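Quick caveat: nothing in here was measured; it's all calculated off a predicted structure. Below, read A as the first sequence line, B as the second, and so on, with proteins coming before strands; counting in each chain starts at 1.
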Amino acid sequence: MFPVEKSIPVRTVYDDLTAIQSELDKCMHCGFCMAVCPVYKTTKTESGVARGKIGVAEAVMAGNLQIDDQDVVDMLFNCLVCKSCMQNCPTKVDFGRIILALRCAVVREKGLPWVKKAIFSTLEHQGVFDLGMKTGARLSGLLFRQAGQQAIAPRASLALLGKSAGFDQNRRLPALAKKPLRDRLPDVLPVENPVARVAFFTGCSFNYLYPEVGEDLVSVLQENNIAVVIPRDQGCCGVPVLVHGDIESIRRLGRKNIDAMDNSGVDYIVTGCGSCGGAWQHDYPEIFRQDPVYGPRAEFWRSRTYDISTLLTDVTGYRIPRGQVNAVLTYHDPCHLKKVMKVSREPRQILKNIPGVIFKEMARADACCGSGGSYVLTHFKTSVAIAERKINDVNHTDADTITTGCPACMMQLSDNVHRFGRRQKSGIIFLFLPNRTAKRKRRGYSNRLILPNAKVAATFTSLQRHWKEAKAF
Amino acid sequence: MLDEIIINQLQAIVGKDNVLIGSVNLTTYSYDATADVPHAMPEVIVMPTSTAQVRKVVQLAAWKSIAIYPRGAGTNLSGGTIPLDHGIVLSLQKMDQILEIDAENLTATVQPGVVIQDLNNAIAPFGLMYPPDPGTVTTATMGGSVAENSGGLRGLKYGVTKHYVMGMEVVLANGNSVRFGGKTVKNVTAYDFSSLFVGSEGTLGIIVEITCKLLPEPKFHKAMLAAFNIMEDAGKTVSDIIKAQVIPATLEIMDNMTIRTVEDFAHVGLPTDAAALLLIEVDGMAELVVAQEADAVIRIVEENHGSLHIANSDEERDNLWSARRAALPALASLNNTVVLEDATVPRSRVTDMLLALAEIGRKYRLVLGTFGHAGDGNLHPTILADKYNADEMSRVHQAVEEIFATALKLGGTLSGEHGIGIAKMRFLGNEIGDSGLELMQAIKNALDPTHMLNPGKLIPREEKTHVSR
Ligand SMILES: Cc1cc2nc3c(=O)[nH]c(=O)nc-3n(C[C@H](O)[C@H](O)[C@H](O)COP(=O)(O)OP(=O)(O)OC[C@H]3O[C@@H](n4cnc5c(N)ncnc54)[C@H](O)[C@@H]3O)c2cc1C
Ligand code: SF4
Ligand code: SF4
């Protein structure tokens with residue numbers, strides 16, 4: 001194999017900011033992006049929306065503003081990279097590329113802040129990351145309490161401290177898995193006469209936060225006669241580091257993942273997370289475009305990567321479950337699933353076909369939920385304001401259950417349905433849970449949500465301060 | 001930068017979070033949607049949340065002689081919100097409450113920062129609509145559209161913003177606020193102040209509340225697309241439809257250049273060899289009437305050698321509309337600078353204007369496509385140019401002058417809906433003459449003697465700045 005560290009000359013907008021000028025020129029400053037930008041809708045300021053950020057980028061290119069000016073940096077990180085603006089842009093400005101190119105330029109100028117460097121490097125060292133997550137899971141029993149027993153009210157002073165830092169004791173988080181998904185499943189899950197052989201690219205969330213959902217995905221695949229491989233050497237897709245402007249790390253992670261998939265001998269890659277799928281469909285081909293070794297291989301997987309819902313509805317065919325689920329469902333479109341992978345019809349098709357399900361479309365189903373990876377940590381207030389609008393739209397349907405196709409959205413919606421929700425009894429579940437319950441009754445994942453106790457809130461607050469002081473947010 | 005004392009005072013009035021300073025914020029309020037006009041940085045951006053705050057800001061600015069630039073969503077196409085004299089950009093977007101929907105009286109009362117579409121969404125459950133629908137209906141504010149007197153796609157049948165404003169509250173340059181008009185259909189008390197402030201482009205006062213008229217939403221509609229091999233047939237179809245006393249809700253035209261570009265861009269299956277396309281939609285409350293109007297339109301199109309495509313479902317209707325909606329983006333995708341004009345001529349001269357525009361494009365060797373509201377004579381000649389090419393930009397400027405001159409020669413106007421702002425200020429005298437300019441000055445001096453509100457816009461600053469004819 002080729003040494004992954006080997007540096008091959010590349011020139012993408014992430015390596016050279018001047019290449020972004022022609023993309024900036026496409027913007028006609030019409031402001032259409034305002035209609036959908038979740039940050040703008042909350043702040044009502046021009047610097048919140050794509051048009052404003054493009055205006056600042058133009059000033060940077062013209063030499064009137066410096067990319068490492070702290071105000072510029074703060075503005076660049078006050079964006080969810082949800083790509084909603086791109087859906088409404090009449091001239092198809094690729095804002096996602098612009099914002100990431102600018103962030104990469106910031107990192108080139110200022111370097112990565114140490115906290116980020118520390119965390120991102122563990123992502124690349126799977127063993128260390130794994131160990132950290134497992135230790136975290138073991139400790140969480142000491143530090144967190146079950147959300148089920150909600151009797152304890154946070155002490156006033158602490159709640160206040162937490163709130164101002166954007167982290168209160170009412171926050172619901174999923175528990176870290178005691179045993180990650182990839183440790184639970186064998187490398188190969190064969191079926192008789194498979195219609196296809198696929199590799200499940202698990203991503204970090206399924207692996208560490210929602211392994212049961214990951215297991216569900218796998219068994220749904222098996223029930224549909226699809227053989228599943230879980231390549232051992234896969235790791236984080238790298239999107240979380242790219243959104244922080246760390247192009248070098250995503251390149252290393254991308255090479256590692258491409259190697260892992262090349263070695264697995266499958267027909268397709270299946271993802272259950274729009275960011276992971278987007279990495280395979282768009283980011284890898286782009287960042288390796290001029291890489292003679294990884295470029296063609298990234299290109300090969302581009303068209304062979306599917307979200308699980310597309311694989312089932314459009315590629316292999318899908319067996320409608322025989323059991324019945326009596327639920328009124330609504331579906332939230334995850335940004336990267338709909339706006340990057342263009343998947344929105346398929347999940348609805350699957351949900352509507354489950355016997356007993358009544359499907360209710362919510363208004364603005366594809367409006368961002370405000371999660372945006374670490375955005376919820378760094379811009380908690382805005383993030384919650386965005387989520388409030390989302391949950392209000394859910395409240396206006398009669399749905400008792402929200403489904404979605406992305407683990408990060410699940411996390412955000414579970415947290416906020418407790419704040420703003422009304423009728424949703426079953427909490428937030430992944431697309432396929434209703435399907436599974438049709439076969440085998442299983443407890444809702446919302447039961448696994450946890451509340452942080454005071455100590456954790458405090459530790460978290462201090463960690464968060466470091467993130468913020470690191471300033472590249 | 002304004003000195004710290006003034007910033008502190010502004011913060012005391014509207015709260016710290018609602019005062020934006022720093023080079024990033026100032027940069028982001030230095031432009032609007034207009035291409036090819038100068039940009040300028042404000043010294044501060046103030047976002048009031050109440051009328052009382054607006055008054056206090058105006059009083060402070062008057063006291064300290066600071067220019068105020070009112071701003072809605074900044075989507076105007078005449079440079080109307082660019083802070084030429086720096087000073088304060090007063091963003092009204094946080095005053096975004098719908099104060100009342102009065103379904104009995106068919107009125108709504110809103111703050112200026114309400115987005116037009118949000119009003120429409122709120123009144124839809126009552127079966128009502130607010131008809132003015134500029135292309136920016138999902139982003140533009142009520143205040144901005146009233147100050148700009150926006151039009152839109154439904155202008156032919158339903159009129160423009162001025163036909164829907166019944167009353168207002170305005171903060172004047174002296175800090176006083178006045179209310180006039182109201183919910184009564186008839187109101188002849190005092191001067192017709194609403195008309196004075198509609199289209200005043202932020203130069204006479206700051207609109208802080210608007211009472212507007214609503215209409216019942218039409219229940220039936222029929223859309224069709226007609227293709228013509230010669231421009232004259234399309235033009236004659238437009239006038240024949242009106243002559244037959246059918247007033248379509250929409251009567252939009254696209255020239256060949258636009259058709260080809262849209263087809264390349266959006267692949268909607270348009271006939272690329274057609275000289276012009278008309279998108280026609282009739283609507284109404286009674287199915288039979290709508291059907292009769294549609295039949296009349298079909299007959300007229302056929303008489304004028306047009307070939308028809310009729311939408312039989314909502315989906316097909318959407319498809320037809322998508323072609324029209326793609327017109328501007330498609331053209332805009334051709335180059336880095338979009339100069340979008342809105343020269344307007346009497347309906348009967350639409351054909352002449354279209355032919356003249358094509359000629360202007362050829363003469364100045366420019367990529368020029370025209371689409372627009374044929375039914376009301378409001379055309380959007382759109383020039384695509386390279387802002388880095390000085391020679392080409394100078395040809396653009398010459399072409400623009402000729403476009404306006406042609407529109408006036410045909411008995412038309414400089415602007416059908418986008419306003420004068422900075423972009424067309426120097427042509428103003430050509431349309432309204434010296435006495436017209438003097439009247440503008442007199443009104444401005446009476447209401448805003450120090451030219452504190454939106455200085456540098458609409459009203460030429462020197463006595464005779466307009467170019468001679
Ligand atoms: C792609 C595109 C398509 C468009 N299509 C149309 C169309 O079909 N028809 C049409 O008429 N226009 C159209 N426009 C122009 C523009 O969108 C409209 O004029 C719109 O109504 C402006 O609203 P705004 O809130 O953005 O106002 P702004 O651009 O913020 O302001 C417009 C003017 O109003 C003043 N102003 C704003 N708020 C107030 C207030 N509260 N009190 C006093 N003065 C105020 C400003 O100083 C400025 O002079 C289009 C623009 C674009 C970019
Ligand atoms: S919608 Fe697109 S073209 Fe319009 S301002 Fe936003 S980014 Fe620019
Ligand atoms: S990516 Fe999302 S948050 Fe960022 S500017 Fe676009 S719409 Fe706004």
CA sep, side-chain torsions, deciding dist, call: B/T75, A/M34, side chain to side chain contact (heavy atoms under 4.5 Å, CB included): CA-CA 10 Å; B/T75 68; A/M34 276 187 282; 3.9 Å; yes
Criterion side chain to side chain contact (heavy atoms under 4.5 Å, CB included) on A/E46 and B/Q93, from CA distance to verdict: CA-CA 11 Å; A/E46 273 285 323; B/Q93 281 171 299; 5.8 Å; no
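Taking OG of B/S333 as the reference point, atom NZ of A/K92 lies at 8.0 Å (rounded to 0.5 Å). In this structure, CG in B/D386 is found 8.0 Å from CG in A/D25, a value given to the nearest 0.5 Å. With rounding to the nearest 0.5 Å, the separation of OG1 in B/T27 from CG in A/L65 is 4.5 Å. We find the CG-SG distance between B/D32 and A/C30 to be 12.0 Å, quoted to the nearest 0.5 Å. We find the OG1-CG distance between B/T139 and A/N88 to be 8.5 Å, quoted to the nearest 0.5 Å.
Here the side chains of B/Y29 and A/T45 are in contact, with some heavy-atom distance below 4.5 Å. No side-chain heavy atom of B/T138 sits less than 4.5 Å from a side-chain heavy atom of A/F32. No side-chain heavy atom of A/M28 sits less than 4.5 Å from a side-chain heavy atom of B/N336.
In this structure, chain B has no heavy atom under 4.5 Å from any part of A/Q66. Both the backbone and the side chain of A/K44 have a heavy atom closer than 4.5 Å to some heavy atom of chain B. Contacts between A/T43 and chain B at a heavy-atom distance below 4.5 Å involve the backbone alone (N, CA, C, O). Of the atoms belonging to B/I45, not a single heavy atom falls under 4.5 Å from chain A. With a threshold of 4.5 angstrom between heavy atoms, A/D69 approaches chain B through side-chain atoms but not through N, CA, C or O. Both the backbone and the side chain of B/V24 come within contact range of chain A, judged by heavy atoms closer than 4.5 Å. Using a 4.5 Å cut-off between heavy atoms, B/D96 touches chain A through its side chain atoms alone. With a 4.5 angstrom heavy-atom cutoff, B/A73 touches chain A via backbone and side-chain atoms both.
Considering all non-hydrogen atoms of both residues, B/P329 and A/P90 come closest at CB-O, 2.9 Å.
More than 12 heavy atoms of other shown residues, nucleotides or ligands fall within 6.0 angstrom of atom CD in A/E361.
Your options are A/S47, A/G55, A/C89, and the one with the most heavy-atom pairs under 4.5 Å with chain B is A/S47.
Under the ring pair (Phe, Tyr, Trp, His ring centres under 6.0 Å) criterion, B/H418 pairs with B/H380, sequence neighbours left out.
Listed by first and then second residue, the salt bridge (Lys or Arg N to Asp or Glu O under 4.0 Å) pairs that reach into residues 382-397 of chain A are A/R364-A/D393, sequence neighbours excluded.
No donor-acceptor contact under 3.5 angstrom links the side chains of A/E58 and B/Y31, judged on distance only.
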